[in-house]
Q: 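This is the structure I want to talk about, given as structure tokens.
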Amino acid sequence: MNIKARLILMNFLEFFVWGSWLISLGGYMIVTLKFTGGEVGAVYATMGIASLFMPALMGIVADRWINAEKVLGSLHIIGALLLIWASTVSDYRTFYLIMLLNSMAFMPTIALNNTVSYIVLEKKGYDIVKDFPPIRVWGTVGFIVAMWMVDIFGWTKSPLQLYVSAGSGLLLGLYAFTMPACTRVAVEAKRSLVSALGLDAFVLFRRKKMIIFFLFAMLLGAALQITNAFGSPFLDDFKDKFPDSFGVQHPNLLISISQISETLFILTIPFFLKRFGIKNVMLLSIFAWVFRFGLFAIGDPGPGLYLLVLSMIIYGMAFDFFNISGSLFVEKEADIKIRASAQGLFMLMTNGIGAYLGGTISGWVVDYFTVDGVKNWQHIWLSFAGYALILGIVFPIVFRYKHDRHTLENVKQ
């Protein structure tokens, strides 16, 4: 098996692990475990809490002490065992604690997956910006396949979805150990305290454009978990009005259109980045989030199904043009000695602080617009759309970045 095929399989499994439960767990918690909106939001916010320090910490470990592929494999095995445990409990406090520990194991693997891919491609002489997106797209395929499997077998409200994730996590954990060695970059024998602690990536904050970039990465990261947490419960609330509709019967299949769209938009990233630059690409992402939430507000699984489908399609641009492009931008801006740490920092801002704020505040918003157990989803989604709109107005004013269409053609070596 050639190296690109091996990386494709690694990316497929990385996101299969996540896709097995990320979209459907909210419905499982609300319908089966009877958790409140705030409790669901808090569980999803564990990914944010873990990402505050774990991606950066594991990036430091991968930069300095243990090869990235070994760190990646070990974390997946630990996460799989925790998910098996989670499938056996139903009380909120225990479930929350287990999912927090699982998040601490899983969240660093997203950045480490990128790091391993970047290092292996670079060693083989490939162009990262050109060759990584077609490999990464198979991660989205893995996410979709996992969602479909859980939906088709009727496990969206069952703990069996956690077993699916755990099984694939164990497989990936063992497979990661067989990847080419991603040896750390040699560092000076005498290092400053900052370097010894692995805080090198924070030097990126010395540049104003990077401060603003990471700030908006955090604010956009808050949007990422909202539909992950509440997309399935939203569709489930139409079970009385449209009981036989496709969206109610197969919520994961409907939501998976988002990931199918993602596979298409990810292939356009090299073109958009080189032609328009990170500023305009991120601006497109922000306004895509406005439409994503706005269409949820006015759509339904019945006559308004086409509006929900359109929202799913727009998600591809909203997610890819921010998440994947942002990762490549950070890779370009960071020195080779701090690449893993820089990716960890990007994860900290997006899936750390951003996801924590998004998960927590969205749970509060859902509970605020819930009266006698009935959720006013239109007001909920319009609140989120308004938030994204404000970001879209402010971002082009404060992020001053002059695009050179040739700067992304060669990532720093």
Side-chain angles (χ1 to χ4, degrees), residues 4-5 7-20 22-23 110 113-114 117 121 126-152 220-221 223-228 231 246-247 250-296 299 305-329 331 350 388 392 405 408:
K4 283 190 175 182
L7 290 174
I8 285 173
L9 178 57
M10 185 181 75
N11 277 264
F12 179 94
L13 290 172
E14 172 70 30
F15 290 91
F16 185 97
V17 170
W18 211 14
S20 301
L22 183 66
I23 304 301
I110 300 175
N113 176 77
N114 289 346
S117 298
L121 287 172
Y126 290 103
D127 181 341
I128 295 173
V129 172
K130 177 183 177 182
D131 294 306
F132 178 64
I135 292 172
R136 168 59 181 79
V137 75
W138 283 95
T140 305
V141 173
F143 196 98
I144 295 169
V145 171
M147 289 178 64
W148 282 33
M149 178 184 295
V150 170
D151 188 292
I152 291 172
L220 276 177
L224 293 178
Q225 295 300 342
I226 293 174
T227 47
N228 288 339
F246 175 76
H250 299 285
N252 269 21
L253 296 186
L254 175 59
I255 295 173
S256 72
I257 297 174
S258 299
Q259 282 66 46
I260 294 172
S261 170
E262 189 184 328
T263 64
L264 300 177
F265 276 105
I266 197 172
L267 298 176
T268 69
I269 287 176
F271 168 79
F272 276 93
L273 274 181
K274 291 178 180 179
R275 186 173 182 86
F276 300 108
I278 189 66
K279 178 176 181 177
N280 290 325
V281 169
M282 284 189 68
L283 189 60
L284 286 172
S285 171
I286 294 171
F287 279 100
W289 281 113
V290 175
F291 284 101
R292 163 72 161 177
F293 295 135
L295 290 168
F296 261 56
L305 179 62
Y306 73 99
L307 296 172
L308 296 184
V309 171
L310 183 58
S311 175
M312 306 303 172
I313 295 173
I314 289 173
Y315 174 86
M317 176 182 288
F319 180 85
D320 287 336
F321 279 21
F322 157 66
N323 209 46
I324 307 303
S325 298
S327 175
L328 290 170
F329 179 72
E331 182 75 4
T350 57
R405 64 182 301 173
L408 276 170

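If you're wondering where the values come from, they're calculated on a predicted model, not measured in any experiment.
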Q: Considering non-hydrogen atoms only, spot the tightest contact between Pro134 and Val137 and give its length.
A: O-CG1, 2.9 Å
Q: Any non-hydrogen side-chain atom of Asn11 less than 4.5 Å from a side-chain atom of Phe132?
A: yes
Q: Does Glu262 pair with Arg136 as a salt bridge, N-O distance under 4.0 Å?
A: yes
Q: State the OG1-CG distance between Thr350 and Leu220, to the nearest 0.5 angstrom.
A: 9.5 Å
Q: Taking atom CD1 of Ile128 and atom OH of Tyr126, what is their separation to the nearest 0.5 Å?
A: 13.0 Å
Q: Given side chains that start at C-beta, do those of Tyr315 and Gln259 come closer than 4.5 Å, heavy atoms only?
A: yes
Q: At what distance, to the nearest 0.5 angstrom, does CG of Asn252 lie from CD1 of Ile23?
A: 7.0 Å
Q: Can you name the nearest heavy-atom pair linking Leu254 to Val309, along with the distance?
A: CD1-CG2, 4.1 Å
Q: Is it the case that more than 12 heavy atoms not belonging to Tyr306 sit under 6.0 Å from its OH atom?
A: no
Q: Just distance, no hydrogens or angles: give the donor-acceptor pairs under 3.5 Å from side chains in residues 142-150, sequence neighbours left out.
A:
from	atom 1	to	atom 2	distance (Å)
Trp148	NE1	Ser256	OG	2.6

Q: To the nearest 0.5 Å, what is the distance between CE on Met312 and CG on Leu305?
A: 8.5 Å
Q: May I ask you to decide if the ring planes of Phe15 and Trp18 are parallel, tilted or perpendicular, using 30° and 60° as cut-offs?
A: tilted
Q: How are the rings of Phe16 and Phe12 set relative to one another: parallel (under 30°), tilted (30 to 60°) or perpendicular (over 60°)?
A: parallel
Q: With rounding to the nearest 0.5 Å, note down the distance linking CD1 in Ile260 to CG in Leu253.
A: 9.0 Å
Q: If the condition is ring-ring contact (aromatic ring centres under 6.0 Å, His included), which residues does Phe322 pass it with, not counting sequence neighbours?
A: none
Q: What distance separates Phe296 CZ from Phe291 CZ, expressed to the nearest 0.5 Å?
A: 15.5 Å
Q: Where do Arg292 and Ser311 come nearest, in terms of heavy atoms and distance?
A: O-OG, 2.9 Å
Q: Of all heavy-atom pairs between Ile255 and Gly231, which one has the smallest distance, and what is that distance?
A: CD1-C, 4.0 Å
Q: What is the minimum heavy-atom distance between Leu295 and Leu307, and which atoms define it?
A: CB-O, 3.6 Å
Q: Quick one: does Leu284's side chain get under 4.5 Å of Phe276's, heavy atoms only?
A: no
Q: Hey, can you tell me if Phe272 and Phe321 have their rings parallel, tilted or perpendicular (30° and 60° cut-offs)?
A: tilted
Q: Is there a donor-acceptor contact under 3.5 Å from the side chain of Ser261 to the main chain of Ile257?
A: no
